[in-house]
Trainee: 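Next up is a structure, given as structure tokens.
We name chains A, B, ... by the order of the sequence lines, and we start the count at 1 in each one.
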Amino acid sequence: MASEQQTPLLEFRDVQTYYGRIQILKGVDYKVYPGEIVCLLGGNASGKSTTMKTILGIVKPAKGEVLWEGEVINGLRTAERIKRGIATVPENRRLFPNLTVLENLEMGAYTRTDSAAIAEDLERVYEFFPKLAERRKQRAGTLSGGEQQMVAFGRALMSQPKLICMDEPSMGLSPALVDQNFELIQQVNEQGVAVFVVEQNANAALSIADRGYVLQGGRLFTEGTAVELLENPELKRAYLGG
Amino acid sequence: MSFDHIMSVTIGGLTVGMIYALIALGYTMVYGVLKFINFAHGEVFTVGGYVAAFSLLAMGIDASTPWLKVAGAIALALVAAVTVPMVLGFLIERIAYRPLRGRSRIIPLLSAIGVSIVLQQLIIIIFGPKPVTIPTLALSSASVSFLGVNVRVLALVIIAVSAALMIGLTYLVKSTRIGKAMRATSQDMEAAEMMGIDTNRTIAFTFLVGSALAGIGGLLVVMYYGSLKYDAGFLYGLKAFTAAVLGGIGNIPGAVVGAIVLGMTETYGVSVDLGFLAWFVVAGLVLGLYVQMVRVPNRRLAHIAADRRTPEYERSIMNVYRLTPYHGIKTLLAERTDALLSVSAVDAVRLMAGNIFLAVLAAVMFINSSARIDTRWQPVIAFVVLMVILMFRPSGILGEAVTEKV
Amino acid sequence: MVQKRTGRVLALALAALLALSMFGLSGCAADDGGDGGEGNGATGEVETIKIGVQTALTGPLPDYGLAAKNGVELALEDFGTFEMNGTTYEVELVVLDDKAEPTEAAVVAQTMVDEGVVGVIGSLTTGATLSAIPIYYENRIPQISGSVTGPKANETGADTFFRTCWNDAIQGEALGVWAMELGAKKVVLMDDNGAYAVGLADVAEDTLKAGGVETLRQNCQSGDKDFSAQVANIKEFGPDAIIFTGYHPEAGLMRKQMVEAGLGDVIFMGGDGIRSEELVAQTGGNANAEGIYATFGGFPEEQQPGYAAFAAKYKEKYGEEVGPYAQNNYDAFGALIAAIKAAGSTDTEEIIAALQTLSYEGVTGTFGFATESDGAVAKGDIVVEGLTPSNVPRYVLKDGAWVSAQ
């Protein structure tokens, strides 16, 4: 579905990052095109979380370039990136437990100042997740796991993103919730939002993704379409439990 | 003990409490966001007071100055007493705390103590070691009749101004964009960054607000007491910090409640008759009995698995908590093997012991109802009350940094 | 990255500032005590004896410490070389700094003993003296302080301790007597919980009670600002006078808050701790301060027979006005030498005996030492010729200045 002529929404060109003196990313290249679901697979300490932080600008690359719609954004602040259309659903959701559902959603729109449009988007999120409308005054920390997941999604949608980055959406969740989660990803994607999923659960991720990258020790191990990856024998052995 | 006496003590305690509260808010807000205690905050308060005093002195205000000029001078002093501490608070955070952020928590704490020492010394170097005094203004000595009792106008002003500031602060934190960012930052700084919140700016803002409140506190203290010494920040800081802990550190309404409780305890403790104080103990006893007989057993019942939840079992739990002479003891003896019951029994005995202590205390106080505690006990009483409250509620009166509170 | 670096630079700058300020402080604290004992050429006719000067050149009262040392050094010039039984004795001073700290004072006292001094002038403060007395007592070394005024300094009744300044208790008694002369029937006594103030208030209270006056005791802490509890208690008691035995910062605030509570008519009196002209500003100005009474713990300078000559000599040598208690320390050294001469021996036991019966004509007057404790007088206290509670110096604030009220 993604054509090579199109400008990628997000692109990594030979990105290298350090944590102190330890090199985490050792030169990686990703491309995410508008409307795609791309997953990033990899084990522990392979550099997945660092990739997420680099996209958001919390970690700055020491070498290489991060491009957004063809423009280098290496030095751009997080807030500016969010304004341009990058949103995130962090690992373990990271809601603000003592803020209400409504306030959590408002935090998603923190970088925006167009209050009328925010109100519209809020209505859209409530339409999307009617349960959240009922619970808008409730503290996020008191919601069930599934509801919290909705808040996390809703919060990401509130910034009118072109790309949502999801960090480990299946981490620590029951199978039923994992299913719900991946369904939500697809629903969100159907709205035209590209999704970049970082995941250990390769089977689940590849089942909804268009393309995927596999990261190992800070380097790309392989990449391809979801179908290709699912059938890659090496990958099968290493990640797919086959 | 006359009504007049109780009123003047109440107003006095409330005034002191409100001043503690203005300072305590700075401690509690910074703790809420950074989880560390800004020990230099007391000195920020002192600087506010000194700047206010020297502004008033520079404008040559005295008892004979016409009131319009006095009002103008106070307004200017207020501006100075807010601005200078704000700049100072901002710089402290920028120079002494931000470079250390993310290190082990003891390190910014040491830095804070260092800043406090440096500031105190700088106050001596800049303003001199003598206490600064301002001339008595008509405003600071004026009094009005309030419910038939003569009350200093300034005491009422302090109470009103502080209350207004606290309402304003609550609005700021609850309903404004930056306030919500403060709360989000205090709950999860990294997640806040992912939302595009500039946490550095939010933290700087927290310091600005806290310092401004402390500066206003400094101005009010100078106006009310007429003088300030370079080391005043230490004692005020200590008491305000105590108040913040008492109310639940990190909790904004908690800081105010804690400060008022502390201020009232300090004055009430040594200046009203034991017979009057005993009613507070009685109130505590009623609360204690409610906790023992209703609140704790109901909580326990909520945790019983559905299949065990028979009316008899529920009744035995209730009996244990009520320690009814026959049923309670019988259940204790008969069903000792039941884990929940034995835990409940220990719990119940502990709560009962506390209540018996309160009852005995109240009785002793009623018997000696006309006696009064010697003023030498003033700091002790406040401390004992603090310890007792924290023993039963380790997280403070309103709890640590919870719901809707930074 | 850039941001992080500026943070580090700022932190470094702060550290440098800190280091500088410390350097500055330690520079001030430089101490030139302990002269070397050069020229000890014993020929059989000249003998060197050592006399200790235990003072506090660093710590909270460096100006007092320096004045004491100056007083002794001046006396050394006048009495330091003397003849006895055909031998010329030369006194060598051993000056040691106890920082006015009790623990340090014990170490200093032990060092004095090891140095083999025949007597010690000091220490400067009550706390330090209390911990030094037992060591000098056990080692039988006479000790004369020229500045310790605390009534409890010689609580143990050591026969080795003497003082050439007045015991504060004299002021306590004088305040009680004065209040009764002014016709007070109900008197409040208020101290600041410090040893000095409590001692003074205790003696005053005893004096008043013995005279049939009704009393109420109140206290505060040094550094307190708010006295609403105490003022309310006092208002209820309805006294004719209040004797505040602490220091002027709290006294000023107390007076101010009493006036504001409508207690301006109550006679306000205190000891030498309030006899500072800064009190005027601290009460909020002349209107509040006018008519405050204070006693003083020594005859005024013009009544001290040798003062004029002493002051001239002091100014010539040190180029400044006489520091606090310098003349008392001068007298302490003089009295010690006189006792050695009277004993005709450098045996410390004989010097102690001689001090007990000594009558010495010093700068501050003709005095001896009390051999037994009696009422307000403690063993070893200075006994000044012609001093009674009623002729202890009395002062009153008039137009912002202390004038004699004898």
Trainee: Closer than 4.0 angstrom, basic N to acidic O: yes or no for B:R101 and B:E93?
Mentor: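 Yes.
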Trainee: Minimum heavy-atom separation for C:E104 to C:D97, with atom names?
Mentor: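 Closest approach of C:E104 to C:D97, heavy atoms only: CG-O, 4.2 Å.
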Trainee: What part of C:Q218 gets closer than 4.5 Å to chain B, counting heavy atoms only: side chain, backbone, both or neither?
Mentor: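 For C:Q218, backbone and side chain are both near chain B.
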Trainee: Tell me, side chain or backbone of C:D191 under 4.5 Å from chain B's heavy atoms, or both, or neither?
Mentor: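 For C:D191, the side chain is the part near chain B, not the backbone.
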Trainee: Is it true that the side chains of C:Y64 and C:T55 contain a donor and an acceptor less than 3.5 Å apart?
Mentor: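 Per modelled atom types, C:Y64 and C:T55 side chains form no pair under 3.5 Å.
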Trainee: Side chain, backbone, both or neither: which part of B:I19 has a non-hydrogen atom closer than 4.5 Å to chain C?
Mentor: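 Interface part for B:I19: neither.
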Trainee: Would you mind checking which part of C:V280 comes under 4.5 Å of any heavy atom in chain B, side chain (CB onward), backbone (N, CA, C, O), both or neither?
Mentor: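 Neither the backbone nor the side chain of C:V280 comes within 4.5 Å of chain B.
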Trainee: Measuring heavy-atom distances to chain C, does B:Y236 have an atom under 4.5 Å in its side chain, in its backbone, in both, or in neither?
Mentor: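 For B:Y236, side-chain heavy atoms alone lie under 4.5 Å from chain C.
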Trainee: Checking heavy atoms, do the side chain of B:V151, its backbone, both or neither come under 4.5 Å from chain C?
Mentor: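 Looking at B:V151, nothing touches chain C.
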Trainee: Out of C:R255, C:Q282, C:E277, C:R275, which residue meets the side-chain hydrogen bond (donor to acceptor under 3.5 Å, both in side chains) rule with C:H248?
Mentor: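 When side-chain hydrogen bond (donor to acceptor under 3.5 Å, both in side chains) is applied between C:H248 and each of C:R255, C:Q282, C:E277, C:R275, only C:Q282 qualifies.
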Trainee: Between C:F244 and C:C220, is there a side-chain heavy-atom distance shorter than 4.5 Å?
Mentor: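 C:C220 vs C:F244: side chains touch.
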Trainee: Please look at B:D4 and chain C and tell me whether the side chain, the backbone, both or neither of the residue comes under 4.5 angstrom of a heavy atom of that chain.
Mentor: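 The side chain, not the backbone.
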Trainee: Looking at C:K398 and C:E290, does any basic side-chain N land under 4.0 Å from a carboxylate oxygen?
Mentor: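 Not counted as a salt bridge, because no side-chain N and carboxylate O are separated by less than 4.0 Å.
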Trainee: Have B:E193 and B:T199 got a donor and an acceptor in their side chains that come within less than 3.5 Å?
Mentor: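 Note: B:E193 and B:T199 side chains meet the donor-acceptor criterion.
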Trainee: Counting only non-hydrogen atoms closer than 4.5 Å, does C:K256 touch chain B with its backbone (N, CA, C, O), its side chain (CB onward), both, or neither?
Mentor: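 For C:K256, the contact with chain B is made by the side chain alone.
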Trainee: Among B:Q378, B:R152, B:E266, which residue has the highest count of heavy-atom pairs closer than 4.5 Å to chain C?
Mentor: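 Max contact count across the listed options: B:R152.
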Trainee: Quick check on B:V270 against chain C: is it the side chain, the backbone, both or neither that has a heavy atom closer than 4.5 Å?
Mentor: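 Contact with chain C: backbone and side chain both.
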Trainee: If you count heavy-atom pairs under 4.5 Å with chain B, which of C:N193, C:V231, C:L253, C:D226 comes out on top?
Mentor: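 So the answer, after comparing C:N193, C:V231, C:L253, C:D226, is C:D226.
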Trainee: Do the charged groups of C:D202 and C:R217 touch, with an N to O distance under 4.0 Å?
Mentor: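 Looking at C:D202 and C:R217, the cut-off is met.
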